[in-house]
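Notes follow once the structure below has been shown.
A, B, ... follow the sequence lines: proteins, then strands. Residue 1 opens every chain.
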Amino acid sequence: MVDDFRFHIIEKLIDEVGSDDIDDSVLEVPPDPALGDYAFPCFILSKKLKKSPQAIAEWLAGKWKPDAVIVDVKNVGPYLNFFLDKSKLSGQVLTKIINERADYGKGSDSRKMMLEFPGPNTNKPLHLGHVRNMLIGVAVGNLLRFQGNQVINTNINNDRGIHICKSMLAYKLFGDGQEPDMKPDHFVGKWYVRFAEEAKKNPDLEVQAQELLRKWEAGDKETIDLWKKMNAWAFKGFQQTYSRFGVRFDKEYFESQHYKKGKKYILEGLKAGVFQKDDDGNIVADLEPFGLGKKVVLRADGTSVYMTQDISLVHEKFNDFPDLDLSINVVATEQNLHFQQLFKILELLRYPFAKKNYHLRYGMVNLPEGKMKSREGTVVDADDLVQEMVDLAHAAVELRHKDLSDEESLARAEVIGMAALRFFILKTDPLRDMTYDPKASISFEGETGPYVQYVHARICGIKEKSGRPIRTDIDFSLLKTPEELALVKLLASWPSVVADAAHKYKPSTVAHYLIDLCQNFNEFYHRRRVVDEERPALTDARLLLCECVRQVVEIGLGVLGIDAPEEM
RNA sequence: GGAUCCGUAGCCUAGUCUGGAUAGGGCACUGGCCUUCUAACCUGCAACAAGCAAGAAGGAAGCCGGGGAUCGCGGGUUCGAAUCCCGUCGGAUCCA
């Protein structure tokens, strides 16, 4: 909770029983605040002292004298429970928040990190999987930055290969040179779908696509021009989606620019004996000793595989940013083995940056009907999804406010709809597979983004209505109801919560914290009146508490990439 | 066949790394909190007074209550296991 209080207790514990068994982690928070603010379970001393934990708790409770900070100590069964001076606790926590403002909970890490996401293919628009990828990428980036790190956002554009040639071929054959009449990446995707349809009727198209790829690799001008034109459409469309999701990149990589460069690293590795040639002439890495199988790193004909390119890409990254401490790839869990192999190969090649890579994996997003399959047309498009959420939010806003201008109403809908989507995706542990159920995701009640936003707006409303400034010279002893103390404790825990979330790359931890904080706030709000003309001192104290809750909600939402509106 | 991840109420989910007090939320279900209308004859509570009790409709980005869990299963370690270890079953993903 608050370190000062913790250390105080631990120091005194060490005085009593010695430092052998006591460290920072022995204190717990009791399940019910009525039991105490901190607890020391006496089991661990049982063996050494040859006494029952109950007897130890009783003995320690008898020896402990209340002081200015710990006002009471009680033994309950095998636990020794400590009661803090509540007004000292509130004073310390709320003053800290109000002084530090948006920096409350910021960490002091100072590493330089790179985050890579979402790595789109330029032959079709972004889909639901990319949505999860981007939301996790943005949120984890925010988390790491909030911990004090410098974070470089990068993106690898998979802009070459057979799949790109397929949409190119379809456009070439049936496109009649037309310009996009829709969002340009959707336009490109349309030709990819068209290719699949036509290829079913005419298998020769597959051969023609291969031919087109050869021409592309040979640098055929007409093919390159078409490729540039269609990729430009794709990028233009992606850019629109990125900006709606608040995604921006400091550095973009393009597969087409480095896919050939990997070859030399492979040949170096072959020379050094890290790789071998197999019977077919492929160059392979034998990762059997590490339980990772055998992996082809360069085909017999000298063409590259994904692994070749990825080795090359890692080189580029660490060349561009030599002082990088960590490079994080945000990629779905299905690539797990690939990254394990990649990192092991980097290690075998003895690259200095071998251990500075991390695969931040996340689970699949399935639909209630099962897996998304582009061939069966069950892919949920990212742009459609966003629009659907915003439209629903718009309807909800219109329902509540008839007198808003269209502009204001749409702006609110954007903020609320995006919050609903972001929160729905981010509140689940990234590692978990999740089912995207449109019906559940569009709800604005329960554990949702709008629920959290509403608390923020509500507090802004209370402040406004009170017509009073936030004062810090309040009487903290007035905050004594269970609801108020629960809020103070939750606020106190924010720094450790957000540090933990960053450490584990888990935005979901922040989402759950916010839900908890908001539930507690609403309970407080319904049970205790904040603005009370008759009791100005209490009003000031509660207003300060509200403002601190608001501040932390704003920070927390910000970390998740969600706006905190003052009205909604 | 091998590897990785997952298994917690009807459904979704936190907690698992770092073992401790009744396994925390949400959805759905259910009872209430609010507003309006009807009735205002009788009866009851209250009685200084406002009122409450019935029925119907509606509303809520909010609150309170209720039911609902062999923490997949079996074993082990431990004073203590959702958490650690072993085995097993089921699901997802990747590799072959």
A:Lys506 side chain near B:rG15 phosphate (N/O to OP1/OP2, under 4.0 Å): yes
Does any nucleotide pair with B:rG58 by Watson-Crick or G-U wobble geometry, both distances under 3.5 Å, and what is it? B:rC34
One pair to check against side chain to side chain contact (heavy atoms under 4.5 Å, CB included): A:Tyr505 and A:Leu144. What are the steps and the verdict? CA-CA 8 Å; A:Tyr505 308 108; A:Leu144 294 174; 4.0 Å; yes
Between B:rC5, B:rA14, B:rC79, spot the one nearest the side chain of A:Phe43, thanks. B:rC79
For A:Asp532, check side-chain hydrogen bond (donor to acceptor under 3.5 Å, both in side chains) against everything at least two apart and list the hits. A:Arg535
For B:rU13, does either OP1 or OP2 sit under 4.0 Å from a side-chain N or O belonging to A:Arg432? yes
Classify the side chain of A:Asn81 versus the base of B:rA21 as yes if they form a donor-acceptor pair under 3.5 Å and no if they do not. yes
Mind checking if A:Arg458 touches a base, just sugar-phosphate, or nothing, with heavy atoms under 4.0 Å? sugar-phosphate
Is any side-chain nitrogen or oxygen of A:Arg361 closer than 4.0 Å to OP1 or OP2 of B:rU4? no
Please enumerate all protein N or O atoms sitting under 3.5 Å from an N or O of nucleotides 89-92 of chain B, with distances to 0.1 Å.
unit_1, atom_1, unit_2, atom_2, d
B:rA92, O2', A:Asp433, OD2, 3.1

Sequence neighbours left out, what pairs pass salt bridge (charged side-chain N to carboxylate O under 4.0 Å, His left out) with at least one residue falling in residues 496-517 of chain A? A:Asp429-A:Lys506, A:Asp500-A:Lys504
Among B:rC64, B:rA61, B:rA21, the one nearest any side-chain atom of A:Glu445 is B:rA61
Determine the interplanar angle of the A:Phe424 and A:Tyr436 rings, folded into 0 to 90°, and report it as parallel if under 30°, tilted if 30 to 60°, perpendicular if over 60°. perpendicular
Would you say B:rU93 has OP1 or OP2 under 4.0 Å from some side-chain N or O of A:Asn336? no
Is A:Tyr451 close enough to B:rC63 that one of its side-chain N or O atoms is under 4.0 Å from OP1 or OP2 there? yes
If the condition is ring pair (Phe, Tyr, Trp, His ring centres under 6.0 Å), which residues does A:Phe40 pass it with, not counting sequence neighbours? none
Any pair counted as salt bridge (charged side-chain N to carboxylate O under 4.0 Å, His left out), so long as it reaches residues 450-464 of chain A, sequence neighbours left out: A:Lys463-A:Glu547
Aromatic contact between A:Phe83 and A:Tyr38, with the criterion being ring centroids under 6.0 Å apart: yes or no? no
Check every atom of B:rA61, B:rG25, B:rC94 against the side chain of A:Glu447 and return the nucleotide holding the closest atom. B:rG25
If you only use heavy atoms from C-beta on, which nucleotide in B:rA61, B:rA14, B:rG25 is closest to the side chain of A:His512? B:rA14
Any A:Gln519 side-chain N or O less than 4.0 Å from OP1/OP2 of B:rG26: yes
Please check the phosphate of B:rG26 (OP1 and OP2 only) for any side-chain N or O of A:Lys427 closer than 4.0 Å. no
What about A:Phe524 and A:Phe521, are their ring centers closer than 6.0 Å? yes
From B:rG25, B:rC6, B:rA21, pick the nucleotide closest to the side chain of A:Val76? B:rA21
Can you sort out which residues in residues 136-144 of chain A have a heavy atom within less than 4.0 Å of RNA chain B? Ascending by number, please. none
